[in-house]
Structures are given as structure tokens and as C-alpha cells.
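Notes for the one structure printed next.
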Amino acid sequence: STADLDEQSFIDVANHCATLINKIDGSGTEERYQLDYVIDSRKSGIDILTEMLLTFGGFLVYSGGKFKLRVEKNESSVQAFTMDNIKSETFQYAKKAMSETPNRVIVEFRDPDNYWAMVEASAEDTIDQDDRGIVEKKISLYGIIRFSQASRIAKAILYTSKFNPRITQITVGIDSLHCEVGDIVTVSHDVPQWVNKPFRIVAIAEKDDD
């Protein structure tokens, strides 16, 4: 119901998507993201929402009893975690395996100028391909009909995989937690010698001892 939705978050994301940006061919401007989507087969509601969200890097967060719409974009940190508020001996971190990091990302989308056939836009890291060979990731986005948008999504996936290879897990007291899933925070810790390293929160779990 409407009461379950954080309306302002949807408005904020809509404004972000509608912002005019330069076209990749330099021929003018266009809206950053648009959705062109037809529900023409039986799918679950979750599958339909997921396909829609992927077209603009969006994700839903449940917080404060409401669903909030968020989007992957540059944002300021809302909280800093340091050795002063991270519980002793709970700090963990890891780096994704190179086999999980693509150097070629292909996005399939529907082309209205080609009888709505699925065509491809891609982003590649040719330097890394010379070192490791081609590691490809392919994704089909049925809500996109613009080559420019498909290209930007491909580039975003490529760069996110390349420049965000680390994950971390920390434990803090409930009185030290002033953020929610989807927020950007910074982590400083002596073990990896991080100083205000930014992370996006992807999960929060409450332990029995708060």
C-alpha cells in the first residue's frame, strides 16, 4: 500500500534518473535513465521488479517500516567506523577472486530500429584482457531500448567490479549504528591500514546481545 512506501525516496530517484546528461556520441543531451518495459509473460513480481531495477542500478531497502528506493550513485558518507567503535577482534575483510571480476561486460537490450531484436552494448578493459585473457559477463536488460543507456550500464558494472573488489564485516554496538542498508560509510582500521575507506552497506544483522 501507499503507507508502505517512502514516497520521497522514489521522488529523489526519479529526479536522478530524469537528469539530462551528455549523449555518448556528443550529439546533445538525454535523460540519464528511462524504462521501456512490457510485461508480456507470466513472471513473479520479484522478477519483474528486479528487471526494472537493473535498468538504472536501483535497489529497494526496507527501513523504518517502509520500502525505500535507492540507486547506485556517488554519495557522501553518513557515518565513520573506526577502531574506537568497531568491537575488538570482530573486523574481517576479503578481496573478491579475480575470476569473479569481468574485464568484458555485455548488456543485451531491445533495439527498436532492428525489429526489437536483442542487440549488444559492451564495455571492456583491454589492458586487463592482455594480462588475464577475456573474462566475460553478460546480462539481458529488457527495460532498455537505448544503446547509450545500455553502454553506460555496462561500463558501470565493469568499473564497479574492478574498483570495488573488497568486502568487510564489522561488529558495532547498537548505540554506534546510525545508518541503514544502502548507505555509504567509511571504515578506518590499522590491520589493512585503511583510512576513511568508503563502503556501501549491503546487509545489517542484529546479534542477540544487541
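Listed for the Arg32 side chain is no donor-acceptor partner under 3.5 Å among the backbone atoms of Ile21. At least one donor-acceptor pair closer than 3.5 Å links the side chain of Arg132 to the backbone N or O of Met98. Counting only distance, with no hydrogens or angles, the side chain of Asn85 and the backbone of Asp175 share no donor-acceptor pair below 3.5 Å. With hydrogens and angles ignored, the 3.5 Å screen pairs no side-chain donor or acceptor of Asn103 with any backbone N or O of Asp125. In terms of modelled atom types and a separation under 3.5 Å, the side chain of Thr90 and the main chain of Ile170 share no donor-acceptor contact. Not one N or O on the side chain of Arg70 forms a donor-acceptor pair closer than 3.5 Å with the backbone of Phe59.
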When you look at Arg152 and Lys155, which way does the side chain to side chain contact (heavy atoms under 4.5 Å, CB included) test go after all the steps?
-> CA-CA 5 Å; Arg152 284 187 276 107; Lys155 186 179 294 185; 5.6 Å; no
Audit row: Leu177, Ile204, side chain to side chain contact (heavy atoms under 4.5 Å, CB included) steps and yes/no | CA-CA 10 Å; Leu177 191 67; Ile204 296 177; 4.1 Å; yes
Worked verdict on Tyr62 versus Val181 for side chain to side chain contact (heavy atoms under 4.5 Å, CB included) | CA-CA 8 Å; Tyr62 188 73; Val181 172; over 6 Å; no
So Phe147 and Val119, side chain to side chain contact (heavy atoms under 4.5 Å, CB included) or not? Walk me through it.
-> CA-CA 9 Å; Phe147 173 79; Val119 298; over 6 Å; no
Would you check, one step at a time, whether the test side-chain hydrogen bond (donor to acceptor under 3.5 Å, both in side chains) holds for Asp47 with Thr50?
-> CA-CA 5 Å; Asp47 287 342; Thr50 298; 5.3 Å; no
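Here the CH2-OG1 distance, from Trp194 to Thr82, works out to 14.0 Å after rounding to the nearest 0.5 Å. With rounding to the nearest 0.5 Å, the separation of NZ in Lys207 from CD1 in Ile174 is 13.0 Å. Note that CG of Asp6 is 12.0 Å distant from CZ of Phe67, once rounded to the nearest 0.5 Å. Between the CG atom in Leu35 and the CD1 atom in Ile144 there is a gap of 9.0 Å [rounded to 0.5 Å]. Rounding to the nearest 0.5 Å places CG of Leu53 at 11.5 Å from CD of Glu72. Note that CD of Glu7 and OG1 of Thr2 are 8.0 Å apart. Values are rounded to the nearest 0.5 Å.
Crowding of Glu89 atom CD: a count of heavy atoms from other residues, nucleotides or ligands under 6.0 Å not exceeding 12. For Phe10, the CZ atom sits in a packed shell: over 12 heavy atoms of surrounding residues, nucleotides or ligands are nearer than 6.0 Å. Within a 6.0 Å sphere centred on NZ of Lys95, other residues, nucleotides and ligands contribute 12 heavy atoms or fewer. Heavy-atom contacts from other residues, nucleotides or ligands closer than 6.0 Å to CG of Leu20 number more than 12.
Taking 4.5 Å as the limit, some side-chain heavy atom of Leu69 sits within range of a side-chain heavy atom of Leu60. When side chains are defined from C-beta on, Asp183 does not count as touching Gln79, because their heavy atoms never get closer than 4.5 Å. At a threshold of 4.5 Å between non-hydrogen side-chain atoms, the residues Arg166 and Thr168 do not count as touching. Between Arg200 and Ile184, some side-chain heavy-atom pair lies under the 4.5 Å cut-off. Side-chain contact between Cys179 and Ile201 is present, with heavy atoms from C-beta onward closer than 4.5 Å. Annotation: side chain of Thr55 is not in contact with side chain of Tyr37 (no heavy-atom distance under 4.5 Å). Inter-residue side-chain proximity for Lys137 and Arg104 is flagged as unmet; no heavy-atom pair is nearer than 4.5 Å. Contact check for Phe199 versus Tyr93: no side-chain heavy atoms found under the 4.5 Å cut-off.
In plain terms, the two heavy atoms of Ser122 and Ile106 that are nearest each other are CB-CG1, 4.1 Å. For the residue pair Ala121 and Ala150, the shortest heavy atom distance occurs at CB-CB, 3.8 Å. In this structure, Ser176 and Phe81 approach most closely via the heavy-atom pair O-CE2, 3.6 Å. Looking at every heavy atom in both residues, Leu54 comes nearest to Ile153 through O-CD1, 4.0 Å. Heavy atoms only, all atoms of each residue included: Phe109 and Arg146 are closest at CE1-C, 3.9 Å. Ala3 and Lys66 get closest at one heavy-atom pair: O-NZ, 2.8 Å.
Under a cutoff of 6.0 Å and an axis angle of 45°, Lys43 and Tyr142 form a cation-pi pair.
For Ser9 and Asp12, the side-chain atoms include no donor-acceptor pair closer than 3.5 Å.
Hydrophobic clustering (ILVMFWY, side-chain heavy atoms < 4.5 Å, transitive): Met83 and Val187 are in distinct clusters. Criterion: ILVMFWY side-chain heavy atoms under 4.5 Å apart, direct or through other members. Under it, Ile46 and Phe56 are not part of a common hydrophobic cluster. Residues Tyr33 and Ile157 share a hydrophobic cluster, clusters being chains of Ile/Leu/Val/Met/Phe/Trp/Tyr side chains in contact below 4.5 Å. Val191 is connected to Val185 through a chain of hydrophobic side-chain contacts under 4.5 Å among Ile, Leu, Val, Met, Phe, Trp and Tyr, so both are in one cluster. Each of Val78 and Val13 belongs to its own hydrophobic cluster when Ile, Leu, Val, Met, Phe, Trp and Tyr are linked at side-chain heavy-atom distances under 4.5 angstrom.
Look at Glu30 and Lys23 and you find no salt bridge, because none of the NZ, NE, NH1 or NH2 atoms lies under 4.0 Å from a carboxylate O.
With sequence neighbours excluded, the residues forming a side-chain hydrogen bond (donor to acceptor under 3.5 Å, both in side chains) with Gln129 are Glu124, listed by chain and number.
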